[in-house]
2 protein chains.
Amino acid sequence: MSATPDSEIGTARIHQEEILEAAALCFMERGYNASSIDDVARRLGSTKGRIYHHYRSKADLFADVYRYGMELNAAAIKPLCGAYDDPVEKLKAMAKVHCLTMLRTRPFQRCVWEGVSLLMRGATTPEQRETLEELQGLRESYATRFREVMEGAKAMGKADFESSGIALQIFLMALNSPIFWYSPRETDDEDKLDEIASRCTRFALQGLGIKKEYLQDV
Amino acid sequence: MSATPDSEIGTARIHQEEILEAAALCFMERGYNASSIDDVARRLGSTKGRIYHHYRSKADLFADVYRYGMELNAAAIKPLCGAYDDPVEKLKAMAKVHCLTMLRTRPFQRCVWEGVSLLMRGATTPEQRETLEELQGLRESYATRFREVMEGAKAMGKADFESSGIALQIFLMALNSPIFWYSPRETDDEDKLDEIASRCTRFALQGLGIKKEYLQDV
DNA sequence: CTTGGAGCATACTACCGGGTATGTTGTCAA
DNA sequence: TTGACAACATACCCGGTAGTATGCTCCAAG
């Protein structure tokens with residue numbers, strides 16, 4: 001984590017991504033506390049030794065899953081940041097992409113969600129609390145991207161929410177909601193995910209008071 | 001739990017309500033798995049013995065917290081069920097009351113929420129799974145109340161969502177959302193809660209495509 | 001070829017927490 | 001007065017799990 005050259009960090013990441021995925025699946029299915037390191041190892045077809053070789057503790061592993069999930073989110077909306085003039089159009093695109101990312105990377109996003117809960121519960125060691133607050137910072141700066149665009153739309157008179165703090169919370173909650181009530185079926189293809197994301201996006205934007213005529217193409 | 005007369009069930013309930021409240025607070029703060037029975041007992045200023053005298057297991061205690069939370073919900077919307085002709089007016093009232101109940105009984109509602117997760121994760125014994133499915137039935141019949149009114153409003157052309165299944169999920173999620181992002185401040189009075197509930201209700205109803213002119217008084 | 005370290009597996013410890021078995025106290029009815 | 005039971009408290013057991021210590025193997029650099 002210090003003087004290692006980038007190439008080795010890259011290969012380490014590749015090795016660890018397999019662990020990250022297994023951990024995300026376990027944490028999603030049973031929750032953080034109910035999942036044991038042995039569960040994660042079993043899913044990998046290996047043993048604890050492998051995991052503790054890469055991570056110093058269970059909390060460290062969870063933090064990395066969280067971080068990876070947030071990286072996926074940030075990467076998904078990054079191309080959109082400089083590509084729009086109209087805030088409403090930008091918000092439409094960001095919301096849709098965000099929701100699709102939720103659906104596509106559900107296990108990681110569930111961990112991000114539980115990470116927020118763990119933070120609010122404050123049941124961690126001071127050291128781990130510092131790490132989680134750093135990760136919480138990632139999430140807040142991500143949310144700020146949305147807040148700015150929301151307020152841009154409001155300034156143009158195309159949205160009419162009042163408290164941007166509350167509106168942002170409900171807005172993101174509507175977009176995040178499929179990670180809870182959606183469970184993938186074998187018959188579900190990319191079009192199905194796109195349809196679900198469209199429904200969520202329309203709901204969320206209408207909730208902000210954006211008129212339906214702006215939302216034909218979501 | 002069998003041949004006990006109603007009066008004794010009543011007094012038992014009174015004794016147990018104190019336990020229920022402590023358990024709800026613990027489960028809210030640290031989650032089900034991370035909360036020990038000793039934690040709940042400590043909060044009560046007593047020991048495990050008291051809890052295990054009233055509940056056969058930790059899962060039983062949690063189930064009762066869940067049940068109590070759902071009873072609070074059902075009781076809150078019950079007076080509204082026969083009181084409206086216009087589905088939109090009825091939906092407005094139900095949504096507002098539901099959201100207020102979320103804010104007022106947050107610890108219990110967080111347990112109801114985690115109960116849903118535990119069910120979906122399916123990490124329980126077959127016997128406990130039966131209990132949780134019964135409780136899940138309570139929740140579904142509660143949700144059905146909202147679904148029917150939503151479809152009534154849609155039939156009148158006053159709402160324009162497409163899939164009522166998805167719309168219901170997002171709608172309830174928006175109304176439930178304050179149990180996650182709201183934490184009470186000392187300065188918050190009843191008016192503050194009412195304002196938050198209004199904001200959530202407006203967002204949720206607008207998300208369903210209900211026009212703003214119908215929502216002046218929420 | 002050897003040596004050191006990465007990448008694991010194996011074996012073990014220590015502790016926490018759910019559950020139980022049993023003791024203690026107050027109350028109330030016969 | 002007593003006995004019976006509710007409502008707890010105390011003391012204990014034991015399985016599961018985070019974390020550690022150590023062993024094994026392969027590969028690459030010297």
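Numbered from 1 within each chain, the chains take letters A, B, ... in sequence-line order.
In the set D:dA18, C:dG19, C:dA9, C:dG19 carries the atom at the smallest distance from any side-chain atom of B:Ser57. Closest approach to the A:Thr47 side chain among D:dG19, D:dT10, C:dT10 is made by C:dT10 (side chain taken as heavy atoms from C-beta onward). Distance from the side chain of B:Arg50 is smallest for D:dC8 among the nucleotides C:dT10, D:dT10, D:dC8.
The interatomic distance linking B:Tyr55 (OH) with D:dA6 (C1') rounds to 16 Å, in whole Å. We find that CG of A:Asp38 is positioned 13 Å from C1' of C:dA11, with the value rounded to whole Å. The CD1 atom of B:Ile19 sits 7 Å away from the P atom of D:dC8 (whole-angstrom rounding). Between the C1' atom of C:dG18 and the CG atom of B:Leu61 lies a distance of 13 Å, rounded to the nearest Å. Straight-line distance from the CD1 atom of A:Ile37 to the P atom of C:dC12: 21 Å, rounded to whole Å. The distance from atom CD of B:Glu18 to atom C1' of D:dA7 is 13 Å, rounded to the nearest whole Å. When the C1' atom of C:dA6 is taken as reference, atom CD of A:Gln16 falls 13 Å away, rounded to whole Å.
Of the two residues contacting DNA chain D, namely A:Tyr52 and A:Gly49, the nearest-nucleotide position lying further toward the 5' end is that of A:Tyr52.
From B:Phe108, atom CZ reaches atom CG of B:Leu25 across 7.5 Å, with rounding to the nearest 0.5 Å.
The phosphate of C:dC8 has neither OP1 nor OP2 within less than 4.0 Å of any side-chain N or O from A:His53. Contact check, B:His54 against D:dC8: a side-chain N or O comes under 4.0 Å of OP1 or OP2.
Side-chain atoms of A:Phe62 and A:Cys111, non-hydrogen and from C-beta on, do get closer than 4.5 Å to each other.
Within the cation-pi definition used here (under 6.0 Å to the ring centroid, within 45° of the axis), B:Lys58 qualifies as a partner of B:Tyr32.
Within the 4.0 angstrom heavy-atom criterion, only backbone atoms of the sugar-phosphate kind lie near A:Ser36; the bases stay farther away.
Between the side chain of B:Lys48 and the base of C:dG19, a donor-acceptor pair under 3.5 Å is found.
Under the 30°/60° scheme for interplanar angles, the aromatic rings of A:Phe180 and B:Trp113 are found to stand perpendicular.
Side-chain polar atoms of A:Glu114 and A:Tyr66 form no donor-acceptor pair below 3.5 angstrom.
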